[in-house]
Amino acid sequence: MFASAPTSLHLSHQAVFGVGAKRQTLTRCRPLSSSPGAAQPANANHLIQTLCANGRLARAAALLPGLPAPTQRTYESLLLAAARARDAALAAAVHRRLEADPVFRSDPFLSTRLIEAYAALGALPAARQVFDETPVKNIFVWNALLKALALADHGDEALARLADMGRLGVPVDSYSYTHGLKACIAVSASHAPASARVREVHAHAIRRGYALHTHVATTLIDCYAKLGIVRYAESVFAAMPERNVVSWSAMIGCYAKNERPADAIELFKDMMASDADLVPNSITIVSVLNACAGVNALSHGKLLHAYILRRGFDSLVSVLNALMAMYMRCGCLEVGRHIFKWIGHRRDVVSWNSLISGYGMHGFGPEAVQVFEEMIHVGFSPSIITFISVLGACSHAGLVNEGKMLFESMVEYGVTPRAEHYACMVDLLGRAGQLDEAMELIRSMHIEPSPQVWGALLGACRIHGHVEYAEIACSHLFDLEPRNAGNYVLLADIYARAKLHNQVGVLKELLEEHALEKVTGCSWIEVKKKLHSFTSVDNKNPPVEQLQALIGEFVAQMKNQGYVPDTGIVLYDIEGEEKERILIGHSEKLAVAFGLINTCSGEVIRITKNLRLCEDCHSVTKFISKFTEREIVVRDVNRFHHFRDGVCSCGDYW
DNA sequence: ATAGGGTTAG
């Protein structure tokens with residue numbers, strides 16, 4: 001009676017969960033209680049499985065060698081646990097045991113689990129070996145290999161394996177495509193560019209009738225989003241018959257990632273209007289909040305805030321982090337700080353990073369450093385992004401010594417400085433006028449300086465009129481990013497201010513020769529929940545004339561007080577008066593004028609600009625804030641400027 | 001048995 005207990009227990013376990021019988025048909029099954037003398041096997045199998053489930057891997061591993069007959073379930077438990085705990089030694093031990101097992105050595109189910117475990121451990125060669133040694137490769141085995149290739153960013157090999165499947169007549173399924181596509185978008189060293197690989201798999205999926213499968217199509221959208229090919233993502237999305245929250249979220253995320261936040265918000269509205277059963281989840285919310293932050297659409301962000309509270313999404317830290325970041329990026333630092341407090345003990349590194357960068361972008365350098373110190377004090381480990389945030393904050397506030405100390409301290413926290421951190425330091429030193437030190441730092445770099453590093457130097461050269469270093473920076477930038485018109489324009493600007501007109505001409509020819517278009521200055525403002533945007537070149541709209549006239553009146557007032565328009569920067573060969581007219585038409589001034597006309601007195605005017613704020617707009621906006629007694633908050637590409645009573649929060653340092 | 005979308009950065 002008692003002797004047979006383990007066996008009957010085992011059987012009833014299978015009967016209760018209803019899995020054993022099914023698995024017996026799928027795979028070979030070891031006969032239960034093969035030797036009557038060993039009451040151990042069934043017991044030991046259960047024990048190992050229990051230990052694995054409770055994370056006690058060392059004990060489970062110790063029992064394995066002495067176990068004469070492990071079951072499929074035992075192997076599976078061990079492999080899942082090894083993958084979860086990143087225990088490479090355990091995975092290898094199970095692998096060895098499995099190879100010596102006459103019953104399970106060729107079992108495709110366990111091969112799949114083994115490949116998955118090796119993939120999770122980053123051991124691609126071992127995963128490949130298991131795959132090669134599996135005699136009967138079912139679709140699960142193939143898909144596990146494709147997943148391993150995706151995790152290891154081996155796009156070309158994934159493509160080759162998909163081709164193998166076709167040649168061998170293995171039917172490819174939707175899982176094969178999703179894994180294959182994920183492998184394709186890797187940018188690591190490979191033969192074919194990522195976009196070519198994705199298009200190849202896309203074409204393959206079309207031929208096999210899988211391109212509209214919900215998971216496959218959603219993955220395609222995400223791939224094209226990551227590659228920046230928005231129109232392909234759009235066409236996949238448009239062709240889908242059946243869209244769910246995930247596909248909508250992927251398309252919204254595509255716009256948000258590719259600098260089209262306004263389209264992301266519009267698509268979210270479409271989603272809400274399209275189907276009552278389509279309910280946004282936390283990921284949708286986070287994407288849309290990010291888009292709101294991107295266009296400074298505070299009123300829409302507030303609507304989402306209300307939605308979050310109504311639906312209980314405020315229980316999720318990720319949502320609160322995104323909400324907090326949205327408020328701060330829309331100019332409401334205080335609200336962001338309040339939400340940070342509200343998150344309380346649930347805050348994670350992202351929350352801390354957000355607060356630091358929030359202070360940074362609003363020019364509160366010392367506060368950002370203080371938050372950094374507090375974060376360390378309460379036991380958080382700073383990440384790569386923490387340092388980018390805090391160094392950026394130092395840069396905006398001109399905290400050179402603090403920045404240097406933080407940069408030096410990075411190694412102590414186990415964070416190796418990357419090009420991004422060097423770019424922050426070059427920016428910090430350069431803005432502060434320490435151009436020689438900035439140059440020295442670049443020369444001391446043990447990694448290749450990125451375009452961002454040279455770009456930071458070039459930006460500093462523009463502020464301080466340093467022609468020599470600007471030329472050095474550009475000699476690299478023209479090589480690294482030949483199609484970036486901004487670099488040519490900056491250098492031309494530096495030459496123009498140095499009155500080197502011949503060189504200005506040379507650069508203008510270069511721009512035309514390569515048909516490079518500079519980014520048009522664009523500013524926008526939200527009035528009555530609607531975004532109104534202005535560009536500098538657009539002076540055909542009748543309302544713009546009215547706005548220019550208003551600015552003209554302010555400028556006339558300012559001239560009486562000794563203001564001289566900053567016409568040194570305009571690159572065209574035109575007369576002084578025409579230059580002034582162009583300055584008056586700068587998009588940021590137009591947006592301010594529009595805000596003055598269309599908002600009530602006392603209301604804060606919030607403007608967003610896609611480029612750095614120019615000196616002339618900065619001076620004029622300071623004047624307007626005093627003259628009209630209006631608070632004006634301008635967000636440019638880098639930071640916030642709070643204009644109040646003729647003074648800007650940046651202290652004219654930006 | 002396996003799979004799809006998100007947050008912090010200059």
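Each chain gets a letter, A, B and so on, in the order its sequence line appears, and its residues count up from 1.
Under the 30°/60° scheme for interplanar angles, the aromatic rings of A:His202 and A:Tyr224 are found to be tilted. Using cut-offs of 30° and 60° on the angle between ring planes, the pair A:His476 and A:Trp454 is parallel. Using a 30° and 60° split on the angle between ring planes, A:Phe268 and A:His300 fall in the perpendicular class, above 60°.
Residue A:Thr284 places its side chain closer to B:dG5 than to any other of B:dT2, B:dA1, B:dG5. Here the side chain of A:Ile385 is nearest to one of B:dT2, B:dG4, B:dA9, namely B:dA9. For A:Ile388, the listed nucleotide lying nearest its side chain is B:dG10; candidates were B:dG4, B:dG10, B:dG6. With B:dG10, B:dG6, B:dA3 as the candidates, the nucleotide lying closest to the side chain of A:Asp427 is B:dG10. Checking B:dT2, B:dA1, B:dG4 against every side-chain atom of A:Glu116, the shortest atom distance belongs to B:dT2.
If you check every strand for non-hydrogen atoms under 4.0 Å, A:Asn638 touches nothing. A:Ser287 comes within contact range of the sugar-phosphate backbone alone, with a heavy-atom separation under 4.0 Å but no base atom that close. Among the atoms of the strands shown, none is found under 4.0 Å from any heavy atom of A:Ser395. Using a 4.0 Å heavy-atom distance criterion, A:Gly253 is classed as making no nucleic acid contact. A:Asn290 comes within 4.0 angstrom of the backbone, heavy atoms only, and of no base. In this structure, A:Asn281 reaches the bases: a heavy-atom distance under 4.0 Å links it to at least one base atom across the strands shown. Residue contacts shown for A:Thr219 are limited to sugar-phosphate atoms, with no base heavy atom under 4.0 Å away. Residue A:Asn321 is in base contact, counting any heavy-atom pair closer than 4.0 Å across all strands shown. Across all strands shown, A:Arg329 has heavy atoms under 4.0 Å from sugar-phosphate atoms exclusively, and none from any base.
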Requested in this report: Mind running side-chain contact (heavy atoms from CB on, under 4.5 Å) on A:Val319 and A:Asp314 for me, showing each step along the way?
Outcome: CA-CA 7 Å; A:Val319 171; A:Asp314 54 329; over 6 Å; no
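Taking atom CE of A:Met324 as the reference point, atom C1' of B:dT7 lies 11 Å away to the nearest angstrom. Per the geometry, CE belonging to A:Met326 stands 13 Å off P belonging to B:dT8, to the nearest Å. One atom, CZ of A:Arg73, and another, C1' of B:dA1, lie 12 Å apart when rounded to the nearest Å. The distance between atom OH of A:Tyr175 and atom C1' of B:dA3, rounded to the nearest whole Å, is 5 Å. In this structure, NZ of A:Lys147 is placed 11 Å from C1' of B:dA1, rounded to the nearest angstrom. Spacing between atom CG of A:Leu79 and atom P of B:dA1 amounts to 17 Å, rounded to whole angstrom units. Atom CG of A:Leu146 and atom P of B:dG4 are 13 Å apart (whole Å). As a whole-Å value, the separation of A:Ile185 CD1 from B:dG4 P is 11 Å.
A cation-pi contact, defined as under 6.0 Å to the ring centre and within 45° of the axis, is absent between A:Arg431 and A:Tyr653. A cation-pi arrangement is absent between A:Arg639 and A:Trp654 under the rule of less than 6.0 angstrom and at most 45 degrees off the ring axis.
Remark: of the listed residues A:Pro417, A:Ser450, A:Pro449, A:Pro417 is the sole one forming a side chain to side chain contact (heavy atoms under 4.5 Å, CB included) with A:Tyr422. A:Trp142 pairs in a ring pair (Phe, Tyr, Trp, His ring centres under 6.0 Å) with only one of the listed residues (A:Tyr175, A:Tyr177, A:Phe131), which is A:Phe131.
The side-chain ring of A:Phe109 is not stacked on the base of B:dA1, judged by centre separation under 5.5 angstrom and plane angle under 30 degrees.
At a cut-off of 3.5 angstrom, the base of B:dG6 holds at least one donor-acceptor pair with the side chain of A:Ser318.
Within the structure, a side-chain polar atom (N or O) of A:Lys257 is placed less than 4.0 Å from OP1 or OP2 of B:dG6. For B:dT2, the OP1/OP2 oxygens have no side-chain nitrogen or oxygen of A:Lys182 closer than 4.0 Å.
Contacts between residues 350-362 of chain A and DNA chain B, defined by a heavy-atom separation below 4.0 Å, involve A:Val350, A:Asn353, A:Ser354, A:Ser357, listed by number.
Contact check on A:Lys404 versus A:Glu408 returns no salt bridge, with no Lys/Arg side-chain nitrogen under 4.0 Å from an Asp/Glu carboxylate oxygen.
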